[in-house]
Amino acid sequence: MTTAAKAAPETRPFEADVARLLHLMVHSVYSDKDVFLRELISNAADACEKLRYEALSDPALRDEDGKAAITLTLDPDGRRLTVEDNGIGMSEAELAEALGTIARSGTRAFMERIAGAKDAEDSRLIGQFGVGFYSGFMVADRIDVASRRAGTDAAALWTSDGLGAYTIAALDVAEAPARGTRVTLHLKAEAARYTEVHTVEGLVKSQSGHVPVPILLKDRPDDEARHIADGAALWTRPKASITPEEYADFYRSVAGQFDAPALTLHYRAEGLHDYSVLTFIPETKPFDLFDPDRTGRIKLYVRRVFITDDAEILPRYLRFVRGLIDSDDLPLNVSREMIQESPILAAIQKGVANRLLSELDKLAAGAPEDYLKIWETFGAVLKEGLYEDYARRETLLGLARFKTTTSAGAWRSLKDYADSLKDNQTAIYYAVGDDLDRLATAPQLEGFRARGVEVLLLPDQIDSFWVTAGVDYQGKPFKSVTQGMADLDLIPLPEGQDAPAPASDEVGAFIGFVKATLGDAVADVRPSDRLTESAVCLVASDQGMDRRLEMLLAKAGQLPAAARPVLEINPRHALIARLAALGESEGSLREDAAHLLFDEARIADGEPPVDPRGFSARLARVIGRATG
C-alpha cells in the first residue's frame, strides 16, 4: 500500500447549504424514494459520456480496457446496493468539490420548498434541483464513493452518513475501480427492498432504460453481470418504434424531473447540416425558470459523444425546454467554448428554435386546450421573446394568449382581439399590473368598458417592457389605458346610449382649484373621458412612459423616481358636482377634498397616500364635518 493510502482519513464539514440539505433529506419523509436510483444512474451515464469526450483529446483514455457500462450490484446479506461506472472518475480534490459543495444555483430555493413538500411533489423536487446524489441518503445510513480518475494511478474514498461531515482519503488502487466511480449505499433497514432483483430491475427498466450507456446487474456480489438495458440512444431510433411511455421515461432521465412532457419534439434534420433533435416541454415549471442567469438546459452531443449539458441552443425565452441535440457536423477536436461560437451551431440554434415555435403553433391550432396548458405554465417566459427576439416577434404574437375585459376569464389570441375591433379603434388597448382581479376593476377601464372596447389585462412583469418595444399587430399599435389621453370620443357608444354632457363651468373651475392646490404633486389635473363610475384616477402624461413601467424601473434603481402623474377627474360624478358647488366659505373643506381625491386615486392604483398622517387628519376632519 502506498504512503498516501496509509494516511488517516480526513474529516471535513459540509458547506452550510449542503449540511442543511442533507438534514432535510435524512429527516424528511418522501412518498417515492425510488427516484434516488434514477439520479445515481444518470450521474454514472454522464461520467461515461464525459470520458468519451475527453478521449478525443487524450487518445490514451480511449485505449483503456472496457466499453462504457454501468454495473449495479446487489448484496442482500450485507444490505448494500452498489452503482459503479467506468467513466471519467474523480480525483480526491474533485470528490471533495463535487460532493462537499453545491455549486448549482437554486439550492436555497430547493431547501425552502423541500422542507414543506407534500406527497405529490416530493420525488419531483429531488431531481429538479440538481442534487440527485444526495437523494441516496433517503435510503442509506452511509454512502461510500470510491473513485479513480481515468488515466491516473491515484484513487480516493469519500464516506459520509449525511449528518454534517464527510471523510476523504487516498485509496489503494487495488481497492478502487480500474477507472470511474463506485457508489456503495449501506441501506437502511426499511430500504432493504432495493437489494431485491425484481425491484431494482423494474426500476431500471421504468426509469433509466434509455440512458445512452448499457446497464448491467449482478444479483449477488459473486454472480456474473447480465444486461438489463442495452444503452441504445433513444434519439437514434425511428419515431414509430418509440412508445409514449418510453419518451416519458427518457424525458424524466434527461430533464431530472418527475412529471410528464406536455410536448415532445423528435426529428432528424438533413440537408446543409445533419442533426437529431429530441426535446420536451415539461408539464410543470422547472425550479430555475426565473433564475437571473437564465441558462439553457439542452444537452449537446456530437456523433453520440457528449459535449455539454448546458448548451445555449435555444433563445432564453425557451429555457424551460429540456432535451438534447446530436450533431453530425460539429467538430469534435475543439473546446466546448469554441463549439458554442461555431456557425454550424448557430444554424442549428436557428433551425431548432423555429421548429419548436412551429410545433407550438400547430398545437395551438389542432389541440387548443393542450396548448393553453403550456401557455398557462410558460406564457410569462415566452412573452420575453416579444421584447428580445425581433425576428420571431410575429410568430410569438400569434402564439400569445391574453385574459381581457370581455373574455370572461377565457384566453384570447390577438387574432380574436383584432376580429372584435370597434369602429374607429386605432390601437390595441392594454392595462398592466401585478394582479388580474385588481386590473379588471381598475377605474381607467370604465370608459373602454362602456363602449365595449376590449382591453388586454397584462399581469406579468415582462408585460411592462415588451409593449414598449415598438410592437404592433396588423398595423395597430399597443396603447396603455393609463397613459396619455384616451381619445374615446372617436369610438361610438353602443346603440341607445347618449354621449355624456360636457362638464359645467362650475366643475371646470373646481378642477382648476384642485390643480392649483396640488401644485407640483401632479403634472396636470384634467377632466376625464375614460371614467364613468369612479370620481378620479391617475394616468401617465402623454409623452411619459406607462406608470407601471415607471414604478418598476424606479424600484430597480433605474430611475431616480417615478414622474409626476396626471390626475383625471370625472366631471359627471355626483361627488365632484357636490364639491364643485361648495362656496368659497368652504375653502378648507375644498382643500382637504382636493388632497383626498389625489390620495384616493393613488390607493386605487395600489399606492399609499403621499402623506399618510396628513391623509388621516384630512379624512378625520371630513368625516367629523359630515357627522357633526
Verify, without hydrogens or angle tests, whether S407 (side chain) and K403 (backbone) share a donor-acceptor contact under 3.5 angstrom. no
Can you measure from CZ (R319) to CD (E312) and round to the nearest 0.5 angstrom? 10.5 Å
Whether over 12 other heavy atoms sit under 6.0 Å from K373 NZ: no
Taking it one step at a time, do R526 and I569 satisfy side-chain contact (heavy atoms from CB on, under 4.5 Å)? CA-CA 6 Å; R526 66 193 181 201; I569 294 180; over 6 Å; no
Min side-chain heavy-atom separation T395-D361 under 4.5 Å: no
R392 and K350: side-chain contact (heavy atoms from CB on, under 4.5 Å), yes or no, with the steps? CA-CA 10 Å; R392 299 186 180 93; K350 180 179 179 180; 4.0 Å; yes
Heavy-atom count around Y387 OH within 6.0 Å, excluding the residue itself: above 12? no
Check: T377 and T284 side chains under 4.5 Å, non-hydrogen atoms: no
Between D416 and S413, is a side-chain hydrogen bond (donor to acceptor under 3.5 Å, both in side chains) present by the stated rule, with each step listed? CA-CA 5 Å; D416 297 330; S413 68; 3.1 Å; yes
Residues, nucleotides or ligands: over 12 heavy atoms within 6.0 Å of D505 CG: no
Do the charged groups of E359 and R355 touch, with an N to O distance under 4.0 Å? yes
Tightest non-hydrogen contact, residues F280 and P261, listed as CD2-CB, 3.7 Å
Looking at every non-hydrogen atom in both residues, tell me the closest pair between R564 and D520 and how far apart they are. CD-O, 2.6 Å
For the side chain of D435 and the backbone of D437, is there at least one donor-acceptor N/O pair under 3.5 Å apart? yes
Can you say whether the rings of Y430 and F478 are parallel (under 30°), tilted (30 to 60°) or perpendicular (over 60°)? tilted
Heavy-atom closest pair (Y251 atom, E283 atom, distance to 0.1 Å) is OH-N, 4.4 Å
In sequence, state the C-alpha distance, the side-chain angles, and the governing distance for L538 and V566, and then conclude on side-chain contact (heavy atoms from CB on, under 4.5 Å). CA-CA 6 Å; L538 293 178; V566 173; over 6 Å; no
Any chance the side chains of T404 and E454 put a donor and an acceptor closer than 3.5 Å? yes
OH/Y417 to CZ/F402 distance, rounded to the nearest 0.5 angstrom? 10.5 Å
With side chains defined as the heavy atoms from C-beta onward, is the minimum distance between L414 and L456 less than 4.5 Å? yes
I'd like to know whether L382 forms a side-chain contact (heavy atoms from CB on, under 4.5 Å) with L399, so could you lay out the CA-CA distance, the side-chain angles of the two residues, the decisive distance to 0.1 Å, and finally the verdict. CA-CA 9 Å; L382 279 166; L399 291 171; 5.6 Å; no
Indicate the atoms forming the closest heavy-atom contact of Y317 with D389, along with that distance. OH-OD2, 2.5 Å
Roughly how far apart are Q461 CD and R548 CZ, rounded to 0.5 Å? 6.5 Å
Quick one: list whatever passes side chain to side chain contact (heavy atoms under 4.5 Å, CB included) with E446, sequence neighbours left out. P443, L531, T532, E533, S534
Please check if any side-chain donor atom of T517 sits under 3.5 Å from a side-chain acceptor atom of E591, or the reverse. no
CD-CD1 distance between Q349 and I298, expressed to the nearest 0.5 angstrom: 11.0 Å
Are the side chains of V453 and Y429 in contact, using a 4.5 Å heavy-atom criterion? yes
Test item: F598 and V514 side chains (from C-beta on) under 4.5 Å apart, heavy atoms: no
Are any of the side-chain heavy atoms of L421 and K476 separated by less than 4.5 Å? yes
Could you tell me which non-hydrogen atom of L488 sits nearest to which non-hydrogen atom of R451, and how far apart they are? O-NE, 3.0 Å
Indicate yes or no: at least one non-hydrogen side-chain atom of L549 is less than 4.5 angstrom from one of V432. no
What's the shortest heavy-atom distance between E568 and V539, and which atoms? OE2-CG2, 3.9 Å
Using the side chain to side chain donor-acceptor pair (under 3.5 Å) criterion, which residues pair with E586? Sequence neighbours excluded. R625
Spell out, as yes or no, whether a donor-acceptor pair under 3.5 Å connects the side chain of W466 to the backbone of L386. no
Is the shortest side-chain heavy-atom distance between F378 and P282 below 4.5 Å? yes
How long is the straight-line distance from CG of L445 back to CG of L439, given to the nearest 0.5 Å? 7.5 Å
Hey, could you give me the CG/CG distance between L597 and L575, rounded to the nearest 0.5 Å? 6.0 Å
Contacts of D472 meeting side chain to side chain contact (heavy atoms under 4.5 Å, CB included) (sequence neighbours excluded), chain-then-number -> none
Residue among R393, E388, E394 satisfying side-chain contact (heavy atoms from CB on, under 4.5 Å) with Y390: R393
